[in-house]
J.: 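Below you'll find the structure I mean.
These numbers come from the heavy atoms of this one structure, side chains and all, not from hydrogens, waters or symmetry mates.
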2 protein chains.
Amino acid sequence: MKSQKKKPPTIKEVAARAGVSIMTASRAINGKALVSAKAQKAVEQAVKDLGYIPNASARALAGSADRRVALLHSNSTTSAYLGELLLGALGEAPQRHLHLVVEQCAQGAFAQEIVEQVAQAHVAGVILPPPLCDWAELIDGLQARDIAIVAIAPDRDGPDMLTVGTDDRHAAYDLTRHLIELGHQRIGFIEGNPRHRSSARRLQGFRDALAQHGLDVDERLIVPGDYSYRSGLDAAEQLMALEARPTAIFACNDDMAAAAITVAHQRRINVPAEISICGFDDTPLASAIWPALTTIRQPIRDMSREAIGLLAMRFRTQDEGTAGIIGKVKLDYQLIRRQSDAVLARH
Amino acid sequence: MKSQKKKPPTIKEVAARAGVSIMTASRAINGKALVSAKAQKAVEQAVKDLGYIPNASARALAGSADRRVALLHSNSTTSAYLGELLLGALGEAPQRHLHLVVEQCAQGAFAQEIVEQVAQAHVAGVILPPPLCDWAELIDGLQARDIAIVAIAPDRDGPDMLTVGTDDRHAAYDLTRHLIELGHQRIGFIEGNPRHRSSARRLQGFRDALAQHGLDVDERLIVPGDYSYRSGLDAAEQLMALEARPTAIFACNDDMAAAAITVAHQRRINVPAEISICGFDDTPLASAIWPALTTIRQPIRDMSREAIGLLAMRFRTQDEGTAGIIGKVKLDYQLIRRQSDAVLARH
DNA sequence: TTGAAAGCGCTAACAA
DNA sequence: TTGTTAGCGCTTTCAA
């Protein structure tokens, strides 16, 4: 079996077929410079006929605006989260003429070591998912080396930093309002890990929604958790043992919501007929369990897509000498309604 | 802020610093051809000093053995699975001088369309995770175009196909034996989706272990499921309602095992004191719930790493005109012991 | 064992 | 608006 090495078509062949010079073809393909409409058409047709795809390596080599960017990750996020991030970034990068590399930072490494590692890789920008995006030393080190940074859903953000994220507070507000509109007035809240600001932001949204609807906040209904299933078990027990049991529970993430459902089952409290339980994040768990969780989905894939876009924009302004952009993108979350919530039963 | 564009060092500089020609430097760096020990050392030192990293684009362009390979995926696997696959492949590919691209096949596309898409991308090989790896038409089409294929954990494999996977049957055997060694004799089994052979393979391992230990198989203890949490609920209900309730349950995946735990909780049966429950796959769910599941972990990341290796090897033999290799890699699984199993209580 | 020359496919800079 | 020239960093010849 001799493998007929079919070489992919080059821009040369495209140019020949379109009856123009290589440069005109290049310009037509990249759509940057001025090309006559006629030439443009001819080249486009040739590209189609030949199934031409630009050779990314050649392009990068030829000193175009192509650059390398890195998606840096520690192994502290879940693979699902990282996978989504990867898919978004991998899909968008080529279109922005960016070459994506993936770098894992060693467990327990110092910020300085990671900076060295990244600098070694000659990347012009990095995408920092949580919790890396909140590591001040790392960010400072990277910025000192003039490496562009995009933080994904950071807890706080610096002045010169690009960020993408969703509006946690507002999402929590919406979810709470949803519960209120279902008729619930006594809503329990299970907090997340106090070290993550996301927990505080979600609580704020919860409080705001209650206030906005003229409902008092009963502090006994706000119980601590730390985002783990285990903590959700304890928190739910505490809520369900209350004399005036809440008719709905808003858990700060899906794991804890799942735990709350388990506790309800143990106590033979029907979900959602007797109690509504909502989560946050739309992890696989949310749709795996029964009843499936009503929750908030963050568009993780879109976030990394946007991150790549932000980097591309930053590079462009850099090249043009324009003032650096300040990009803070907030993406829309989605309220995913499943089976764990219901209209409050009349008593 | 003028960005001092620090150009990365080139092989030219390395050669100059080492006092050799560019070619010698290239040879020393790639370690392929014969280079004097002295030159080798000098080059290595220069590389270190300068922090030189070969420019992958230039290398690919210069017509080295670099090739493009694709990881093809439909969106029917979980992001976590895909993420792991991606991480393994992305890490290994550069080391094998392969450029990885990720292609998603459109929902409901015909095999022929996908073949076109892949061919268009000029890839020399593709990695096919389940369920794509069992799509005969797709595989035929790809092979007809002379594109190398590695199937990840396929249900069955063709003659000319490279595969990596784990020994499902044996893993199930081990997990069952583990339960038997804990003293269990009445072990329930919840089947997976009958359309996936993995379910049958796991059941076979289960039966083999029982037989090997002189235990009879009580067919009433083998109940159907389809890998969903929901089906696990029904299956577990059925098992727990049995007059002679099993003292342990082997669920074909984690989701169903989690469902079984929920059912046990509802019936106030303590896990693991009164019943042991094991899963399969070690999904995030396994460690999220309480008690955390004892389960089997497949080394997904390693699988894609191996897949890349297999492709690289196939290309090498192709280039050398050697007979094509037949690579069937079986990786070791791992029995992850957590809190959902225990020694059988004496009665 | 080493080196010199040529060129991979493409785009920046210039010139026409 | 278009074409020409040069060269990106590397590896493949081929010759020494």
J.: Drop me the distance from A:K328's NZ to A:T163's OG1, to the nearest 0.5 angstrom.
T.: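 Rounded to the nearest 0.5 Å, the NZ-OG1 separation comes to 4.5 Å.
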
J.: Give the nucleotide from the list C:dC10, D:dT11, C:dG3 with an atom nearest to the side chain of B:I22.
T.: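 Closest nucleotide among those given: D:dT11.
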
J.: Just how large is the angle between the end axes of the helix from C:dT1-D:dA16 to C:dA16-D:dT1, five pairs per end, to 10 degrees?
T.: 30°

J.: State which of D:dT11, C:dA13, C:dC10 makes the closest approach to the side chain of A:R27.
T.: C:dA13

J.: Does the pair A:R145/A:E116 count as a salt bridge with the N-to-O cut at 4.0 Å?
T.: yes

J.: What is the distance from CZ of A:R59 to P of D:dG9, rounded to the nearest Å?
T.: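 It works out to 19 Å between those atoms.
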
J.: Tell me whether the OP1 or OP2 atom of C:dC8 has a side-chain N or O from A:N55 closer than 4.0 Å.
T.: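 So the side chain of A:N55 is outside the cut-off, no N or O lying under 4.0 Å from OP1 or OP2 of C:dC8.
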
J.: Between atom NZ in B:K12 and atom P in C:dG3, what is the gap in whole Å?
T.: 16 Å

J.: Side chain of B:R68, backbone of B:A121: donor and acceptor closer than 3.5 Å?
T.: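 Checking the backbone N and O of B:A121 against the side chain of B:R68, a donor-acceptor pair under 3.5 Å is found.
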
J.: Under 4.5 Å between any side-chain heavy atoms of B:H122 and A:P9, yes or no?
T.: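 Side-chain contact under 4.5 Å: yes.
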
J.: In whole angstrom, what separates A:H122's NE2 from D:dC8's P?
T.: 16 Å

J.: Return the value, rounded to whole Å, for the distance between atom CG of A:N30 and atom P of C:dA12.
T.: 8 Å

J.: Between C:dT11, D:dC10, C:dA4, which nucleotide gets closest to the side-chain atoms of B:I11?
T.: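 In terms of side-chain proximity for B:I11, the closest of C:dT11, D:dC10, C:dA4 is D:dC10.
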
J.: Of the listed nucleotides (D:dC10, C:dT11, D:dT1), which one gets closest to any side-chain atom of A:S36?
T.: D:dT1

J.: For D:dG9, take OP1 and OP2 only and decide whether either is under 4.0 Å from a side-chain N or O of B:T10.
T.: no

J.: With DNA chain D as reference, determine whether B:L61 or B:M23 sits nearer its 5' end, using the nearest nucleotide of each.
T.: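 Checking each residue's closest nucleotide, the 5'-ward one belongs to B:L61.
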
J.: So B:E13 and B:R17, salt bridge (Lys or Arg N to Asp or Glu O under 4.0 Å) or not? Walk me through it.
T.: CA-CA 6 Å; B:E13 300 168 50; B:R17 194 172 222 280; over 6 Å; no

J.: Kindly compute the distance separating CD1 (B:I308) from CG (B:L71), expressed to the nearest 0.5 Å.
T.: 8.0 Å

J.: C:dG9 P sits how many Å from A:E13 CD, rounded?
T.: 8 Å

J.: Taking CG from A:D66 and C1' from D:dG9, how many angstroms apart are they, rounded to a whole number?
T.: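 For the pair A:D66 CG and D:dG9 C1', the rounded distance is 15 Å.
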
J.: For B:R67 and C:dC8, what is the distance between atoms CZ and P respectively, to the nearest whole Å?
T.: 18 Å

J.: If the cut-off is 4.0 Å, is B:T24 near the phosphate of C:dG3, judged by side-chain N/O to OP1 or OP2?
T.: yes

J.: Do A:E44 and A:Q40 meet the criterion of a side-chain donor-acceptor pair at a distance under 3.5 Å?
T.: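 Yes, a side-chain donor-acceptor pair sits under 3.5 Å.
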
